[in-house]
Each structure stands twice: as structure tokens, then as C-alpha cells.
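Encoded as C-alpha cells, the structure appears first; notes follow it.
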Amino acid sequence: MLKSSHRLAVLLHEGITGLQGKTGLTLLRYSPAQVVCAIDRSVAGQSLVELTGIERDVPIVDSIQSALSYQPDVLAIGIAPSGGIIPQSWLAELRVAVAAGLSIVNGLHTPLANHPQLVGLLQPNQWIWDVRQEPSGLKIGSGAAKSLPCNRVLMVGTDMAIGKMSAALELQRTCERRRVRSRFIATGQAGMMISGEGVALDAVRVDYAAGAVEQAVMLHGHDYELLVVEGQGSLLHPGSTATLPLIRGSQPTHLILLHKIGQETIRNCPEIKIPTLTEVVRLYEAVASCAGAFGSVPVVAISLNGGNLSDQVVRQEIDRVTAETGLPCTDAVRFGADILLDAILSVRNPN
């Protein structure tokens, strides 16, 4: 849906330096569209590069009205408030955008395509894409992806929101550069905004979650050498329902483990301690294999999220994790994903 020809404004109120702007920050880093401005009243006028480290030098403005001077033609909602529900205060801004002729990319649970305050303002060739929709024609998962000839790498993590999607996109970029025939399989709203397709897993009824992943994987599994499946959630998080359907639906041949440097507990459940990475590797391999029912599914590499730490500190932690686990390790966003791809290609599809 989003094309390189689009001029994109990203709505990010309080999200650039807060905790709810992951979708918008990912668009700023990876979207194929031309991002003309970010909208965040809390840091308007400041430098996006200095605030985020994202090498995309676009202005930060305070409102959609201010954004119009940069002539966007699409507005992407890049924030995820609690529950994925659009606050009433945003609707006035969205009306401004639609009335000005902008199309809308909406990754929240609140649907907008038929919203009474917006639909009457739409003009021909203007659209609203509600990303979080359950795909049609879903069936219960059957393990069919195990029959595919391609490698299928799934990103898994020690917690939610620690960089699984970013590492997957970096791996896809590396595959493209090295001419490995690969396909990024999006499983969340930001990934779908970037790739244009996929499955918004948190919009799927739980009984059909594995089947939805399976459907997305089977669609491309015969046409590519490698499928890079975006991860969601964590087996360690007590509120996560996404990771197991991803494992069962994609039937991965390889896993890559994501972890944020220095994080010792689940962010929103500080009473839950994250085990050592060696133990987490064993956990994911055991669950993916299911006592051998689905074959051997190895964690082949680890990607760390170094956040705002210095390169020196991150490299020291990479060396420590490599020594602890015996696995190749990097920070894929900071240093690229060549180490991850090398690890995948060095381990023959065990199934």
C-alpha cells in the first residue's frame, strides 16, 4: 500500500522519546516511502537524528496542520496508545488530514475506514487502510509449512518490544544486498506498513492464529530460498499469546534470539526474572522442537539491542554473550545482519 512515491507524514505525539512510538520509529527507519515530517508536539523543532539515532533527517512539527506545509499525501499513525484505541483528541487532527486530501494508514485496533467523522470527507483515490484486520479464509494450523523446501527463520525474544522486527528487516536488507532470494513475512502492523502485506497477528482469533501464520508463510514458501518471519511477544512474558502460534504456524528451520543489553526482568512484569541466555536458548529450542515432534529447530545466532550504549560497550557485551552461549552474536541494527545470515546459511535445514 505504501510506495516509494508516497510523501509520508508520521503521527508520533509523545512517541519519539516515549515508549509508544515503536511503529512510527520503525517507519522512519525502514519505510520505502519518502518521509517528509514527523509530528510530535512534545519535541517539535528538535533533531530527529539526535533524539533517535535514526539517520533520516526529517523535521519534527507540532501538528498535522503544520505538517501540511511539507505536502504529504499519506499520514501514518505511528503511536500505539494503551489498548490500541485512538484517543478522541486525535480525531480532530485526523479530520484535518483527511479534509486536506491525505490518505491514512492506521495500525491501531480502532477501525477508521468507515468512521462517521472521516468517511464522508474522503475524495476519489483517497483511502484509509486499517492494517489490523483478520485475514479471510483462515483455517486451523496444520503444520503444513514443515513441507516447504525453503529455510524459515523466526525472530524470538526474551521480552516484547526489544527489536525483533528491526533485526528481521536488517536481515532482509542483508539478503537483498547479498542476493539471497528472501521474503520478509510481516506479522504486525508496522511490518505490514513497510512490506505492504502480511498478517496482523494480534487481530486474529487465537484459535486461528497458527493458521494465519501458516497461510502467510505458505503463500511465499515455494518462491524463495529464505523466509524471514517477524517475531512477536515472548515465551517469557505472561501476557504474550503470539509467540507459540508463530512457532507452530511458520514451522521454523532456524531461530534467532533477541535480547536487550542490561535487561534483567520482563519490562512490564519486573517480578519475572529473565533467565540466562543459554537457558532461554534451550527453552526456545525445546518448545519449537516439541520433544522431536517437529524436528530439530536450533537457535543459530543472537542479536542484541544496544539501545543508547556506546559501540565499545555493545561490542564487549557481544563478546561476552558469544563466550557464554557459543553462538554468533551481533547488534543487527547497529552493525548489520551479515553475522546472522552467515549463521543461517551455515546450518543446513535440519528437517
Side-chain angles (χ1 to χ4, degrees), residues 1-12 15-16 20-39 48 52-56 58 72-80 84 102-108 127-133 135 153-155 157 160-177 180-203 212-213 216-217 219-220 224 226-233 242 246 250 256 258 303 305 332-333 336-337 340-341:
M1 188 73 74
L2 281 177
K3 301 175 182 178
S4 59
S5 58
H6 281 133
R7 294 176 60 82
L8 183 66
V10 182
L11 181 62
L12 263 167
I16 288 180
Q20 297 180 332
K22 183 179 75 167
T23 296
L25 294 175
T26 301
L27 287 173
L28 286 165
R29 192 185 297 274
Y30 296 109
S31 176
Q34 180 185 355
V35 181
V36 297
C37 65
I39 304 165
L48 181 75
T52 67
I54 296 172
E55 294 294 334
R56 202 163 193 167
V58 301
D73 52 27
V74 178
L75 174 72
I77 300 174
I79 1 178
L102 275 66
S103 296
I104 305 290
V105 179
N106 170 35
L108 301 183
W127 43 264
I128 297 177
W129 178 23
D130 290 323
V131 177
R132 272 176 161 158
Q133 298 185 64
V153 58
L154 173 65
M155 304 291 168
M160 297 182 177
I162 55 169
K164 294 182 288 293
M165 174 178 53
S166 296
L169 289 167
E170 291 292 345
L171 177 57
Q172 175 64 21
R173 278 183 171 181
T174 300
C175 289
E176 292 169 359
R177 176 172 54 81
V180 175
R181 291 187 304 109
S182 65
R183 181 87 182 195
F184 171 71
I185 306 295
T187 61
Q189 65 270 23
M192 291 180 65
M193 290 178 190
I194 291 165
S195 67
E197 65 173 25
V199 53
L201 193 55
D202 61 2
V213 175
V217 169
L219 181 64
H220 297 292
Y224 293 91
L226 173 64
L227 300 184
V228 180
V229 183
E230 178 188 359
Q232 302 289 337
L246 275 165
S250 67
I256 291 176
L258 275 291
S303 184
N305 178 346
V333 172
L340 304 184
L341 182 56

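Index from 1, following the sequence.
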query = What distance do Gln34 atom CD and Ser5 atom OG have between them, rounded to the nearest 0.5 Å?
reply = 9.5 Å
inquiry  = Distance check, rounded to the nearest 0.5 Å: Gln172 atom CD versus Ile194 atom CD1?
reply    = 11.5 Å
task = Nearest 0.5 Å please: distance from the CG atom of Leu11 over to the CG atom of Asn106.
result = 10.5 Å
task = Give the C-alpha distance, both sets of side-chain angles, the deciding distance and a yes or no for side-chain contact (heavy atoms from CB on, under 4.5 Å) between Val10 and Val58.
result = CA-CA 11 Å; Val10 182; Val58 301; over 6 Å; no
task = Measure the shortest side-chain to side-chain distance between His220 and Glu197 over non-hydrogen atoms and say whether it is less than 4.5 angstrom.
result = yes
ask   = Would you say the side chain of Leu171 lies within less than 4.5 Å of the side chain of Met155, judging by non-hydrogen atoms?
value = yes
task = Determine, stepwise, if the pair Leu246 / Leu154 fulfils side-chain contact (heavy atoms from CB on, under 4.5 Å).
result = CA-CA 8 Å; Leu246 275 165; Leu154 173 65; 4.2 Å; yes
message = When you measure from the side chain of Lys164 to the backbone of Gly233, do you find a donor-acceptor pair of N or O atoms at a distance under 3.5 Å?
response = yes
message = Minimum heavy-atom separation for Asn305 and Ile162, please, with both atom names.
response = ND2-O, 3.0 Å
ask   = Measuring from Trp129:CH2 to Gln189:CD, what's the distance to the nearest 0.5 Å?
value = 10.5 Å
request  = Check whether any side-chain heavy atom of Ser250 lies under 4.5 Å from a side-chain heavy atom of Ile185, and answer yes or no.
outcome  = no
query = Rounded to the nearest 0.5 Å, how far does CD of Glu170 lie from CE of Met165?
reply = 11.5 Å
note = Nearest heavy-atom approach of Gly15 to Leu25 is O-CD1, 4.2 Å
task = Locate the shortest heavy-atom distance separating Leu108 from Ile79; write the atom from each residue and the value.
result = CD2-O, 3.1 Å
ask   = So which heavy atom on Arg56 is nearest to which on Leu48, and how close?
value = O-CD2, 3.2 Å
task = Check for a donor-acceptor pair, side chain of Ser303 on one end and backbone N or O of Ala332 on the other, with a separation under 3.5 Å.
result = yes
task = Find out whether Tyr30 and Ile54 are in side-chain contact, i.e. whether some heavy atom of one side chain is under 4.5 Å from a heavy atom of the other.
result = no
remark   = Closest heavy-atom pair, Ala167 versus Leu258, reported as atoms and distance to 0.1 Å, is CB-CD1, 3.8 Å
request  = May I ask you to decide if Ala200's main-chain N or O and Arg132's side chain share a donor-acceptor pair within less than 3.5 Å?
outcome  = no
key: side-chain contact (heavy atoms from CB on, under 4.5 Å) between Leu27 and Val105, intermediate numbers included   = CA-CA 11 Å; Leu27 287 173; Val105 179; over 6 Å; no
query = Is a donor on one side and an acceptor on the other found under 3.5 Å between the side chain of Glu230 and the backbone of Thr187?
reply = yes
query = Which value, rounded to the nearest 0.5 Å, describes the distance between Arg183 atom CZ and Leu227 atom CG?
reply = 9.5 Å
task = Look at the side chain of Asp73 and the backbone N and O of Arg7, then say whether any donor-acceptor pair between them is shorter than 3.5 Å.
result = yes
inquiry  = Run the side-chain contact (heavy atoms from CB on, under 4.5 Å) test on Val153 and Leu340 for me, step by step, so that the C-alpha distance in whole Å, both residues' side-chain angles and the decisive distance to 0.1 Å come before the verdict.
reply    = CA-CA 10 Å; Val153 58; Leu340 304 184; over 6 Å; no
key: Nearest non-hydrogen partners of Leu2 and Pro32, listed with the distance   = O-CG, 4.2 Å
